[in-house]
Protein chains: 2
Amino acid sequence: MANVAETLREKGLKVTPQRMAIYRMLCETRAHPTAEAIWEKVKEEFPAISFNTVYTTLGILERAGLVQRLHVGEKAAHYDADTSPHIHLCCERCGRVRDLHKAGVDLTEVAQNLRAKTGYEMSKIELNIYGICPECRH
Amino acid sequence: MANVAETLREKGLKVTPQRMAIYRMLCETRAHPTAEAIWEKVKEEFPAISFNTVYTTLGILERAGLVQRLHVGEKAAHYDADTSPHIHLCCERCGRVRDLHKAGVDLTEVAQNLRAKTGYEMSKIELNIYGICPECRH
DNA sequence: CGCTATACAGTAATCATTACTATCTGATTA
DNA sequence: TAATCAGATAGTAATGATTACTGTATAGCG
Ligand SMILES: [Mn+2]
Ligand SMILES: [Mn+2]
Ligand SMILES: [Zn+2]
Ligand SMILES: [Zn+2]
């Protein structure tokens, strides 16, 4: 992640200013933004960028394995540049999505164990916990 | 689940033929159907039932705690009459959703442990694993 | 440079979900 | 049983996220 351009090139993706801005923004935040939020942020640097470009680029980055797409709740998808399997805490009131590392559950290990047991070829594991965050409980 | 009508009444819901058919159908299947699939099935008994009624009723049943709504992938939601937290295996090719009980992870216990650690008031926990099922691997 | 595959911007189409409204019905009461 | 009423149903419209399409522009490469 040291060099955004280099990372894109390694994945066989063309390096464009828009792509770099989108991917860099995701690498620098811990907020798990939606495509809409990413658009708003990137527009500060590229006022002419279209929402469609942001949306499509996120799909390309996901397919390249550079970002993770989170399906939390039934609303718009959230994006995460941390592609390692980790737990997400989702506040049902403010919509915030937070990471939860070291929770006593190693998701990678869980997936490994299940592969043999079920015959499934795993590609992704998602553990989402919904509730109300401390801040939203006044 | 012995008596569908009784279960609905206990939750303070009016007992209607449509509701009974929808809830009974969900109790009898292990397929985690979508609203669309439930509609197709219930139409065999009630040819005039509207998709909207099925959809709305599923929301009512969910709010009453009688069914669980699953957000697997980005496609339409799936429904489950088993409201206990359990793991779901989702095949990315055929779309099948399967239960995975006794996988060495007790989700209820995980949620309990996290409550103290994070200060979150948990209401729901979802563990979804995506991959290709044995049948789809030829 | 000049070529070519692909990215971009802009817009339209699709699809799940939610909202709305006019009837209809289950349950309760007289 | 008949009247009443809250809530359910059918039908349709609106919303919002995602996907598809189409000219134009640009990155990567010889
Ligand atoms: Mn994360
Ligand atoms: Mn299930
Ligand atoms: Zn919150
Ligand atoms: Zn399959």
Side-chain angles (χ1 to χ4, degrees), chain A residues 3-25 32-40 42-43 45-64 66-67 69-79 92 95 97, chain B residues 3-25 32-40 42-43 45-64 66-67 69-79 92 95 97:
Chain A
N3 190 336
V4 169
E6 190 53 41
T7 308
L8 292 172
R9 224 184 316 268
E10 278 168 12
K11 294 289 181 179
L13 302 175
K14 280 192 181 170
V15 179
T16 68
Q18 291 94 331
R19 258 176 210 186
M20 288 176 63
I22 292 168
Y23 184 49
R24 179 168 33 235
M25 185 262 168
H32 305 89
T34 62
E36 181 94 19
I38 295 167
W39 185 40
E40 292 302 336
V42 173
K43 264 201 290 194
E45 193 178 347
F46 293 90
I49 197 168
S50 73
F51 175 74
N52 185 283
T53 294
V54 174
Y55 201 93
T56 305
T57 300
L58 288 168
I60 289 168
L61 293 176
E62 188 200 10
R63 258 166 271 133
L66 289 178
V67 311
R69 184 180 165 125
L70 311 177
H71 313 109
V72 288
E74 52 224 277
K75 304 264 168 52
H78 293 244
Y79 296 85
E92 291 169 321
V97 177
Chain B
N3 191 337
V4 169
E6 190 53 40
T7 308
L8 292 171
R9 225 184 315 269
E10 276 169 11
K11 294 291 182 179
L13 302 174
K14 279 194 181 167
V15 179
T16 70
Q18 291 94 331
R19 254 173 214 189
M20 289 176 64
I22 292 167
Y23 184 49
R24 180 169 31 234
M25 185 261 168
H32 306 88
T34 61
E36 180 95 17
I38 295 167
W39 185 40
E40 293 300 339
V42 173
K43 264 202 289 191
E45 193 178 347
F46 293 90
I49 197 169
S50 73
F51 175 73
N52 185 282
T53 294
V54 174
Y55 202 93
T56 306
T57 301
L58 287 168
I60 290 167
L61 294 176
E62 186 200 12
R63 259 165 270 131
L66 290 178
V67 310
R69 184 179 164 124
L70 312 176
H71 311 109
V72 290
E74 52 224 277
K75 305 263 167 55
H78 292 245
Y79 295 86
E92 291 168 321
V97 178

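What's counted below: heavy atoms across the whole structure, side chains too, no hydrogens, waters or symmetry copies. Each chain gets a letter, A, B and so on, in the order the sequences are listed, and its residues count up from 1.
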>> From CD of B/Glu6 over to P of C/dA27, roughly how many Å is that when rounded to an integer?
In response: 11 Å

>> Go nucleotide by nucleotide along DNA chain C from the 5' end; which of B/Leu13 and B/Glu36 gets its closest nucleotide reached first?
In response: B/Glu36

>> So B/Val4 and B/Val15, do their side chains get closer than 4.5 Å, heavy atoms only?
In response: no

>> Output the rounded distance in Å from CZ (A/Phe46) to C1' (D/dT26).
In response: 13 Å

>> Assuming nearest nucleotide by heavy-atom distance, tell me which of B/Lys75 and B/Ala48 is located more 5' along DNA chain D.
In response: B/Ala48

> For DNA chain C, which residues in residues 50-58 of chain B have a heavy atom at a distance below 4.0 Å?
Replying inline: B/Phe51, B/Asn52, B/Tyr55

> Under a 4.5 Å cut-off applied to non-hydrogen side-chain atoms, are B/Leu8 and B/Arg19 in contact?
Replying inline: yes

> To the nearest angstrom, how far is A/Lys43 atom NZ from C/dC8 atom C1'?
Replying inline: 16 Å

> CD1 of B/Ile38 versus C1' of C/dT17: gap in Å, rounded?
Replying inline: 15 Å

> Considering all heavy atoms of both residues, which atom of A/Trp39 and which atom of A/Val54 are nearest to each other, and what is their separation?
Replying inline: CD1-CG2, 3.6 Å

> When we call it a touch if two heavy atoms are under 4.0 Å apart, what does B/Ala77 touch: a base, just sugar-phosphate, or nothing?
Replying inline: sugar-phosphate

>> Measuring from atom CG of B/Asn3 to atom CD of B/Glu10, what distance do you get when rounded to the nearest 0.5 angstrom?
In response: 9.0 Å

>> For D/dT18 and A/Arg69 - does any side-chain N or O of the residue sit under 4.0 Å from the phosphate oxygens OP1/OP2?
In response: yes

>> Rounding to an integer number of Å, can you tell me how far A/Trp39 CH2 sits from D/dA17 P?
In response: 12 Å

> With a 4.0 Å cut-off on heavy atoms, is A/Ile49 in touch with a base, just the backbone sugar-phosphate, or nothing at all?
Replying inline: sugar-phosphate

>> Please classify the nucleic acid contact of B/Ala35 as base, sugar-phosphate, or nothing, using heavy-atom distances under 4.0 Å.
In response: nothing

>> Is there a side-chain contact between A/Gln18 and the phosphate of C/dA9, meaning an N or O under 4.0 Å from OP1 or OP2?
In response: yes

Is there any protein nitrogen or oxygen under 3.5 Å from a nitrogen or oxygen in nucleotides 3-6 of chain D, and what are the pairs?
residue : atom : partner : partner atom : Å
D/dA6   : N3   : B/Lys14 : NZ           : 3.0

> Under the side-chain contact (heavy atoms from CB on, under 4.5 Å) criterion, do A/Thr57 and A/Gln18 qualify, and how do the steps go?
Replying inline: CA-CA 9 Å; A/Thr57 300; A/Gln18 291 94 331; 5.9 Å; no

>> Can you give me the closest heavy-atom contact between A/Pro33 and A/Ile38, atom names plus distance?
In response: CG-CG1, 3.6 Å

>> Give me the atom names and distance for the closest heavy-atom approach of A/Tyr79 to A/Arg69.
In response: OH-NH1, 3.1 Å

>> What is the distance, to the nearest angstrom, from the CG atom on A/Leu70 to the P atom on D/dA17?
In response: 16 Å

> In Å, rounded to the nearest 0.5 Å, how long is the span from CD1 of A/Ile22 to CD1 of A/Ile49?
Replying inline: 4.5 Å

>> Looking at every non-hydrogen atom in both residues, tell me the closest pair between B/Ala35 and B/Tyr55 and how far apart they are.
In response: CB-CD1, 3.8 Å

> Is there a donor-acceptor contact under 3.5 Å from the side chain of B/His32 to the main chain of B/His78?
Replying inline: no

> Can you tell me how far P of D/dA8 sits from CZ of B/Arg9, to the nearest Å?
Replying inline: 14 Å

> In whole angstroms, how far is the P atom of D/dA17 from the NE2 atom of A/His71?
Replying inline: 14 Å

>> So if I take every side-chain heavy atom of B/Ala76 and compare against C/dA16, C/dA9, D/dT9, which nucleotide ends up nearest?
In response: C/dA16

